[in-house]
Engineer: 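One structure follows; several queries about it will come next.
Chain identifiers are assigned alphabetically (A, B, ...) following the order of the sequence lines, protein sequences preceding nucleic acid strands; residue numbering begins at 1 within each chain. Everything numeric here is computed off the predicted structure, so don't read it as measured data.
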Amino acid sequence: MAEGPIITEEMRKNIGVESEPITYEVEKGAINKLAEAIGDPNPLWRDEEYAKKGPYGGIVASPTFVISLRHDPFMEKVKQMASFKRIMNGGNDVEYFQPIRPGDIISVTGKIADIRERETKTGKMAFLTLELTYRNHKGDVAAKIKNVIIGFA
Amino acid sequence: MAQQLYYEDVEVGTELPVLVKNPTTQQLVKWAGASGDYYQIHYDEKFAISTGLTGVIVHGWLTASFLGQLVTDWIGDRSALRKFGCSYRGVLYPGEPVTCKGKVTKKYAEEGHNFIECEIWAENPKGEAVVPGQATVILPLKASG
């Protein structure tokens, strides 16, 4: 078991520091594929003819599509800064501001929003709140995710 | 092709129609591919067991997606999901049904929109709400047609 703090100085220094963006062009096929993987038959994410007559004039991404627009380098950097033996996803909160549509150019950035440490009977635990921001090509924030990662020493 | 839900249709305490999902190991592989989450605890049984689990488990985000479907099926096309979140308090296994439920907790108008807040959750076969969460949606008024 680690004796020292499991939250390193480097992690503290990085609180609020936004990563470089990763940019994606949203593909209709990817939206369809994600909805299919969920087994979500809603034609709003799958059927262009149906969705044309709907409020968005075309298909839009289903609610959890944003997480397929990954920022693995940011996640890797966070993992490297920490020295956790094991991590768990504690939870997610997503805020939606704009629909995500096929053809959108979305840039994803990540930052560490908050870090807390807790001592338990079985050892130290760290709670990292990571914030991912998804901006579209119009410059609007389309969605924000807050993700709590629980790290065990 | 969900039926449209209107603000007037909903009261505090209104329950969302229950959605039962039956994730299989095949579905976990599809989700891994579609989402890009290739953590081995979701497809490699030996690996999952080596981490102390009893077998492969359902991705947290897949369960979150089931809860997303619960809400979007209910609210219909001309509504908007504004906020959505859940926490992972326990694991769910493929081959076992995941029952998604929800209940309206708050109803209010603010800044020209009609908001509904609900608590939502996913239950394991024992009826334990292992993934509790919440959602905020904007619903249209019947009056505005």
Engineer: Find the distance between CG (A/L44) and CG (B/D73) and round it off to the nearest 0.5 Å.
Structural biologist: 11.0 Å

Engineer: Answer whether the closest heavy-atom distance between the side chains of B/F84 and A/D93 falls below 4.5 Å.
Structural biologist: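 No, every pair of side-chain atoms sits at 4.5 Å or beyond.
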
Engineer: Quick check on A/K33: does its NZ atom have over 12 non-hydrogen neighbours (other residues, nucleotides or ligands) under 6.0 Å away?
Structural biologist: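 No, the 6.0 Å shell around NZ holds no more than 12 heavy atoms from other groups.
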
Engineer: Pick one of side chain, backbone, both or neither for A/Y56, based on which atoms fall under 4.5 Å of a heavy atom in chain B.
Structural biologist: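 A/Y56 touches chain B through side-chain heavy atoms alone.
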
Engineer: Are any non-hydrogen side-chain atoms of A/S62 and B/Q69 less than 4.5 angstrom apart?
Structural biologist: no

Engineer: Return the CG to NZ distance between B/D77 and A/K53, rounded to the nearest 0.5 Å.
Structural biologist: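 One finds 11.0 Å between CG of B/D77 and NZ of A/K53.
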
Engineer: Checking heavy atoms, do the side chain of B/L81, its backbone, both or neither come under 4.5 Å from chain A?
Structural biologist: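 The answer is both parts of B/L81.
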
Engineer: Atom CG of B/L62 and atom OG1 of A/T64: how far apart are they, to the nearest 0.5 Å?
Structural biologist: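 The OG1 atom of A/T64 is 8.0 Å from CG of B/L62, to the nearest 0.5 Å.
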
Engineer: Please say whether more than 12 non-hydrogen atoms of neighbouring residues, nucleotides or ligands are located less than 6.0 Å from CD in B/E128.
Structural biologist: yes

Engineer: Under a 4.5 Å heavy-atom cutoff, which of B/G60, B/C86, B/A64 has the most pairs with chain A?
Structural biologist: B/C86

Engineer: Treating Ile, Leu, Val, Met, Phe, Trp and Tyr as nodes and any side-chain heavy-atom pair under 4.5 angstrom as an edge, say whether B/Y108 and B/I138 lie in one connected cluster.
Structural biologist: yes

Engineer: What part of A/I150 lies closer than 4.5 angstrom to a heavy atom of chain B: side chain, backbone, both or neither?
Structural biologist: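 The answer is neither part of A/I150.
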
Engineer: State, to 0.1 Å, how close A/P63 and B/T72 come at their nearest heavy-atom pair, and which atoms those are.
Structural biologist: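 Looks like CG-CG2, 3.7 Å.
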
Engineer: A/F65 and A/Y24: same hydrophobic cluster, using ILVMFWY side-chain contacts below 4.5 Å?
Structural biologist: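 They do share one cluster, since a chain of ILVMFWY contacts under 4.5 Å joins A/F65 to A/Y24.
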
Engineer: How would you list, in number order, the residues of residues 19-46 of chain B that have a heavy atom less than 4.5 Å from chain A?
Structural biologist: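 B/K21, B/Q27, B/K30, B/W31, B/G33, B/A34, B/S35, B/G36, B/D37, listed by number.
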
Engineer: Honestly curious: do A/F127 and A/L130 fall in one hydrophobic cluster under the side-chain, below-4.5 Å linking rule?
Structural biologist: no

Engineer: Which heavy atom in A/I38 sits nearest to a heavy atom in B/F66, and how many Å separate them?
Structural biologist: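 Scanning both residues, the minimum pair turns out to be O-CE2, 3.5 Å.
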
Engineer: B/R82 side chain to A/Y96 main-chain N or O, any donor-acceptor pair under 3.5 Å?
Structural biologist: yes

Engineer: Check whether more than 12 heavy atoms from other residues, nucleotides or ligands sit under 6.0 Å from atom CD of B/E96, and answer yes or no.
Structural biologist: yes

Engineer: Looking only at heavy atoms and a cut-off of under 4.5 Å, which of A/N92, A/L34, A/D72, A/V60 has the most pairs with chain B?
Structural biologist: A/N92

Engineer: For chain A, which candidate among B/A135, B/S65, B/A80, B/G133 shows the most heavy-atom pairs at distances under 4.5 Å?
Structural biologist: B/S65

Engineer: In terms of heavy-atom pairs under 4.5 Å with chain B, which of A/S68, A/P99, A/A143 leads?
Structural biologist: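 The candidate making the most pairs under 4.5 Å is A/S68.
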
Engineer: With only heavy atoms counted, which part of B/T63 is less than 4.5 Å from chain A, the side chain, the backbone, both or neither?
Structural biologist: neither

